[in-house]
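What follows is a short report on a single structure.
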Amino acid sequence: MMGKPEGLKLIDENGYRLDGRKKYELRKIKMEVGVLKSADGSAYVEWGKNKIMAAVYGPREIHPKHLQKPDRAILRVRYNMAPFSVEERKKPGPDRRSVEISKVIRGALEPAVILELFPRTSIDIFIEVLQADAGTRVAGITAASLALADAGIPMKDLVAACAAGKIDGEIALDLNKEEDNYGEADVPVAIMPIKNDITLLQMDGYLTKEEFLEAVKLAIKGAKAVYQKQREALREKYLKIVEEVGE
Amino acid sequence: MMGKPEGLKLIDENGYRLDGRKKYELRKIKMEVGVLKSADGSAYVEWGKNKIMAAVYGPREIHPKHLQKPDRAILRVRYNMAPFSVEERKKPGPDRRSVEISKVIRGALEPAVILELFPRTSIDIFIEVLQADAGTRVAGITAASLALADAGIPMKDLVAACAAGKIDGEIALDLNKEEDNYGEADVPVAIMPIKNDITLLQMDGYLTKEEFLEAVKLAIKGAKAVYQKQREALREKYLKIVEEVGE
Amino acid sequence: MMGKPEGLKLIDENGYRLDGRKKYELRKIKMEVGVLKSADGSAYVEWGKNKIMAAVYGPREIHPKHLQKPDRAILRVRYNMAPFSVEERKKPGPDRRSVEISKVIRGALEPAVILELFPRTSIDIFIEVLQADAGTRVAGITAASLALADAGIPMKDLVAACAAGKIDGEIALDLNKEEDNYGEADVPVAIMPIKNDITLLQMDGYLTKEEFLEAVKLAIKGAKAVYQKQREALREKYLKIVEEVGE
Amino acid sequence: MEIMASIMKDHILQLLKEDKRIDGRGLEDFRPLTVETNVIEKAEGSALVKLGDTQILVGIKVDLGEPFPDLPNMGVITTNVEFVPLASPTFEPGPPDERAIELARVVDRGIRESQAIDLEKLVIVPGKLVRVVFIDVHVLDHDGNLLDASGIGAIAALLSTRIPKVEYNEETEEVVMLEEYEKLPVTRIPIPVTLAKIGGNLVVDPNFEEEQVMDGKITITTDENGYISAVQKSEGGSFKLEEIAYVTDLAYKKASEIREKIPGL
Amino acid sequence: MEIMASIMKDHILQLLKEDKRIDGRGLEDFRPLTVETNVIEKAEGSALVKLGDTQILVGIKVDLGEPFPDLPNMGVITTNVEFVPLASPTFEPGPPDERAIELARVVDRGIRESQAIDLEKLVIVPGKLVRVVFIDVHVLDHDGNLLDASGIGAIAALLSTRIPKVEYNEETEEVVMLEEYEKLPVTRIPIPVTLAKIGGNLVVDPNFEEEQVMDGKITITTDENGYISAVQKSEGGSFKLEEIAYVTDLAYKKASEIREKIPGL
Amino acid sequence: MEIMASIMKDHILQLLKEDKRIDGRGLEDFRPLTVETNVIEKAEGSALVKLGDTQILVGIKVDLGEPFPDLPNMGVITTNVEFVPLASPTFEPGPPDERAIELARVVDRGIRESQAIDLEKLVIVPGKLVRVVFIDVHVLDHDGNLLDASGIGAIAALLSTRIPKVEYNEETEEVVMLEEYEKLPVTRIPIPVTLAKIGGNLVVDPNFEEEQVMDGKITITTDENGYISAVQKSEGGSFKLEEIAYVTDLAYKKASEIREKIPGL
């Protein structure tokens, strides 16, 4: 949230946003499952200008053995930005922001994964942001959840994610970079849609209670739309396999 | 030891130092034992403006197993300064000075601890300098020794410590920050008072042999006074326990 | 390869180089085997102004056990420059250049060492550049190979190394620092002379295929001359031992 | 260890069925809280927070420095948290781990997004020279809920901060520190309130044992104007929408109570 | 694992006796190669390379900065390679290891020594202000021969790079970015070609399995003028002089074929 | 290993009962010492010290740089020690560990506190430009008592140092290095002398085996004016006051003998 340039309007008189969307409209989202050979599961998500790749390795042996849990797998998540993914080149390696995001993404995915099935192993999730334009963490969760499914990891539900925020005083869905920079708040949310369980919830900004809850509800709606796209992407992958096996 | 400002007198014509002490006078010292819940033993020492907390964990399992000794415990010491403990904010994390001080403090405490009783374990001592005003290492040793006793670690004797130094050409006890900056030498000493064993001895400055030995003797006297305060602090803790059990 | 100062000639009209050598002439090389007490094997090489010390430790137990190979020893190489070894003081610790050189030196020595004889162990080679003047990697390989022999590690052959390069448009042997800076290419080569096996080959510069192969052949010739000196140095060491035993 | 943890979990859950907690508190009770300021004379501001057996020391240092290039008219605040191994057997020496980094960032957001400090008043020469405020949180004893204790300590320490006034001489381009002192421009009092979810129950201000067995937790930072300036769901577990609404309401209430305990308010 | 490796090695060697490879290629065949540029809009240049199942993404960022003191009349290029753990079970999180560093340095040498970029044209104010070109190689999927894929990606991304023209005002000493864009001054197209040695056989463009069992490998980078700008024998193993000659010839030939696939050439 | 150590300890203690040492020396004897200077031509000063089988190489590099803000009229010296793994099976690659740091700091204090180098003479422009002297100690072979060898090497290397004279042009604010060379202003010769305590016995210049079994050690650095400039009790063990007095006396005596061996004195 930075100081907004004088006179910049994020929503015009007709209710359109700078990129032409309406207040409750998602950016264009493309998903593809199974994009990497080396990984046990993988997915690629384009979400507006965000380009995110996720890979899953595991369940596999844990190297420093004292990290093993006798009764379940451990989930590890690494969210990373490519140096060229942002306007100003980012120095390689984790910064404090990506350490925090990796941690909350792990907390968002953990409730969905049935870790008890694979004691003493790790399931490692790697999220690479190849291009960033606000909302990378929800896009990353969405991609990681697909990659987990692609890897055949048993899950209670897919995790779908989306953000809402406040721009020009109004609650709006799925902020892009400019909106995030000059808006008043951002509320990323992840859910397991079957039971409406919220597994990620953050807020960065300044909101009344009412605005906050409105944003959460809107983000949940967005996440449900994302969920449908996730299911389609998995179905496509499934059909492709069936086709290949049929050949 | 920096260049002393023109005309600054550290001892006035009546033999008083800048903080009103006489040459052989200690700063005001307060000690409290058992100040932390999480640690196995702990102590807090205020020594002039120094504020030092020490904690002991152990004997406990050592994580990188190759560090284990089959016939005794290993003693580990970490001396650390809080970023706000000094005039100029100190960047967090160990610098070369604190690495050296941690090492010599370990050497000062090791002779007192009966390590043979706990093979394959570690006894970990953490010293946090919350405010620093010269003499943190002797205050830290004093606090750590109390924390060891509080943790019930068997010892041959308490380790008591104190420094002496040279200011305005004279040997004086227990330099404060200003005296340390503008003085000619600092001689920190730690002893096990029962047998008069010297377990820490350093000198930073420029002294004749006679001055050096005079400073050592004076510091030993100071350490013996500190020893009495340590015993009182432990007695107070003991009485408190007796009281609580009695209730 | 930097921009050459206007008018600087690296080879004069009589075919002499700046340090008085002819095109195909090696710098003066001195070798001594068994120069360190602590190491299992060691050697010191002066090659022009290069001063290089190499030590071998092993076969010995590997500390992080997961690095062990059940069927052979692992070879580890660390090439390091002393801070005072170059014109501008070098900050201690490995930089990207020394990481790469360590890796290619390992690849140059590995084919010669019979690693299968010592499963689950490591053989550690340390190369310290005490003074650098171009050609430190070939001098380092030469010294390391002697240190391996001194440590009694069974080898198929000694590894001998030498570089050739291009200066003032001509292929020349064993460039010194000035020639390396202002020359057009440098081609370091290591061989096992018995079978003419090339175990190190790099090229840094800009050469036609013909020039490149000419440089390789010339470097091989140089390495063979170095090989003779290695054998002499080992013979001297052997005679010294015989003498000592005889006493 | 794992067995002890599972026995402890059973015990805590059993108690929660009857709305009881392991240390006897009600579900909506904080532990006893004391906040003492000006405990470190060498720091420009400081606060020692005791929340039950949890102890946090916060020190504020204020330096002069350059503003961020994209924010030339704002001072700089930076929040750092040290989980020193003195405070818990679960802390290791070394640079801040993910727990300490998350904690620092949530405390920082609560302060920054509420504009608790008027950063524009920290500018001395726009684009060139501003005050840099270091908020250093030093954990002394970890008995749970470090985040609330740290957030309370941070704002209390900021409120206690006194800095020398400065005069800038435009001609000589020199800065003179005056003998006179002024307060930091603290305009709002954001307070974080954390609830843990344990087997379907929500408890405020979880202690160490409760944190060991909880599924997840959520922190809501609110200020005295009725605004939320930071929300963070942390660890695993999940929350229902109604739970979020409940947690938010309780956060306002608890924050008001806590604000009473801060010296000088 | 070790046993599987030895069985795989036997299998690969058995096939090689009949000049066959594990994936059906001939000894001198590259895997299918595609090069797509301008895939990252936020980068000044970019290229996605697929070489069989190996995938590499290269991004180019161009900043302004100071030249090296000893090279006041030259812009700066710097090559970094990230082996992110997404790309292979053999990669670990952390700073570049020796494999990534070697790869970056060989790619860098191939470009630098051929003077593929006219560094003098990157100078804005001699000795003071130049363009700094960051070549960032991001490995996405490691199925062998990362070096050739990276080298191809680097030069393709450089060729695709567009940077805003700048105007330097000598009086105000200010730099103005113009709306007009220009290409990077790329003057040569160096292409690395790698051959692995497996039990006495030489195979070009080794895949992951082949790399697991190879003795060593050699990379020759050549440009369209018939010059070699980098050679690197890597890993263990050894080569005969005649093999070096063969490898060099093949490198020229393969590089010409690869150059055809680079967009915009 | 542990058993070998205990057998060695018994053996060493047995000998010491008869005032004998494992290598045949008397309790107050140093091992043979040689000091050779100007061994590294590329360094401004250097010294190779052999103390028995211990070998230390010290290089001195002198740069130009800024003084510390609080010491504007003083040049800068900085001492670094590298325990490179070539020198001992007990050394690991990596940044200096606590042993190397302690050693560097004690050597540094011995030189600094005796004002062995006249730092005021290293100032070129007060507050702005001074000479920065890097003392780099490189351990080549560790057979015990690295500290004395390093201290001897450091002062010998400083004595051998030659630096180009400089001329500062106040108008152009440029520094010109002249062809003429001058010595570093070394005014005192501090020498560290170390004694180890082994089972109640004190032995000077402990070798590697003695260090393995010693309880602790003490180093006294003295100069030719009869002053002490550094004292360090190191490792465990304890000393009586009378032992300190004895050690100090012996340190003066031994330092005088050692000073004779330094070239150019």
Side-chain angles (χ1 to χ4, degrees), chain A residues 34-44 46 48-64 76-94 98-99 102 122 124-134 136 140 143-144 147 151 177, chain E residues 1 31 38-48 50-65 78-96 100 104 132-144 146 153 157 161 207-209:
Chain A
V35 295
L36 301 175
K37 183 194 179 194
S38 305
D40 296 318
S42 60
Y44 175 68
E46 277 190 23
K49 289 188 203 153
N50 291 302
K51 300 190 177 190
I52 315 266
M53 201 167 263
V56 169
Y57 286 88
R60 62 179 176 182
E61 250 189 292
I62 306 183
H63 265 322
R76 295 191 288 196
V77 173
R78 185 177 184 262
Y79 163 101
N80 184 52
M81 301 187 92
F84 45 75
S85 63
V86 280
E87 290 298 335
E88 287 283 302
R89 177 177 185 267
K90 193 199 158 289
K91 247 186 78 187
S98 41
V99 170
S102 297
S122 75
D124 294 312
I125 300 175
F126 302 109
I127 297 169
E128 289 292 324
V129 178
L130 306 177
Q131 184 161 277
D133 196 66
T136 57
K177 187 75 197 157
Chain E
M1 194 59 166
R31 289 168 292 174
N38 299 316
V39 292
I40 299 296
E41 301 85 343
K42 296 210 173 187
E44 281 85 345
S46 59
L48 176 66
K50 295 187 187 178
L51 180 57
D53 284 314
T54 285
Q55 287 190 57
I56 302 277
L57 180 57
V58 181
I60 310 290
K61 301 293 282 185
V62 183
D63 279 352
L64 296 177
T78 167
T79 305
N80 183 60
V81 175
E82 292 289 309
F83 278 14
V84 288
L86 163 126
S88 174
T90 69
F91 294 169
E92 302 275 349
V132 180
V133 179
F134 291 96
I135 304 169
D136 279 298
V137 177
H138 219 69
V139 179
L140 298 181
D141 206 352
H142 171 20
D143 195 37
L146 296 178
T161 299
N207 67 21
F208 188 81
E209 283 78 17

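Just so it is clear, the values below take in all heavy atoms, side chains as well, and ignore hydrogens, waters and symmetry mates. Letters A, B, ... are given to chains in the order of the sequence lines, protein chains preceding strands, and every chain is numbered from 1. Please read all numbers here as calculations on a predicted model, not as lab measurements.
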Non-hydrogen side-chain atoms of Ile40(E) and Lys51(A) separated by less than 4.5 Å:
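In contact.
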Would you say Phe84(A) and Val58(E) make side-chain contact, with heavy atoms under 4.5 Å?
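Contact flag for Phe84(A)/Val58(E) side chains = no.
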Answer with side chain, backbone, both or neither: which region of Pro89(E) has an atom nearer than 4.5 Å to a non-hydrogen atom of chain A?
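Both the backbone and the side chain of Pro89(E) come within 4.5 Å of chain A.
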Measuring heavy-atom distances to chain A, does Glu82(E) have an atom under 4.5 Å in its side chain, in its backbone, in both, or in neither?
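Contact with chain A: side chain only.
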Nearest 0.5 Å please: distance from the [atom1] atom of [X] over to the [atom2] atom of [Y].
X	Y	atom1	atom2	value
Lys90(A)	Phe134(E)	NZ	CZ	13.0 Å
Leu36(A)	His142(E)	CG	NE2	13.5 Å
Glu44(E)	Arg89(A)	CD	CZ	11.5 Å
Phe126(A)	Phe91(E)	CZ	CZ	11.5 Å

Chain E interface, residue from Ala82(A), Ala147(A), Ala54(A), Ala39(A) that has the most non-hydrogen pairs under 4.5 Å
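Top option by heavy-atom pairs under 4.5 Å: Ala82(A).
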Heavy-atom pairs under 4.5 Å with chain E, option from Gly93(A), Ser85(A), Pro92(A), Ser42(A) with the top count:
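Counting heavy-atom pairs under 4.5 Å, the top option is Pro92(A).
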Where do Asn80(A) and His138(E) land on the side chain to side chain contact (heavy atoms under 4.5 Å, CB included) test, with the steps shown first?
CA-CA 11 Å; Asn80(A) 184 52; His138(E) 219 69; 4.1 Å; yes
For a quick test of reading the model, state the closest non-hydrogen atom pair linking Lys61(E) to Glu88(A) and the distance between them.
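Smallest heavy-atom distance, with atoms named: CE-C, 4.4 Å.
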Does Glu41(E) use its side chain to pair, donor to acceptor, with the backbone of Gln131(A) at less than 3.5 Å?
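No: the side chain of Glu41(E) does not pair with the backbone of Gln131(A).
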Decide side chain to side chain contact (heavy atoms under 4.5 Å, CB included) for Leu140(E) and Met53(A); before the verdict, give the C-alpha distance in whole Å, the side-chain angles of both, and the deciding distance to 0.1 Å.
CA-CA 9 Å; Leu140(E) 298 181; Met53(A) 201 167 263; 4.2 Å; yes
Is the closest basic N to carboxylate O distance between Asp141(E) and Lys37(A) below 4.0 Å?
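Looking at Lys37(A) together with Asp141(E), the answer is no, because their closest N to O distance does not fall below 4.0 Å.
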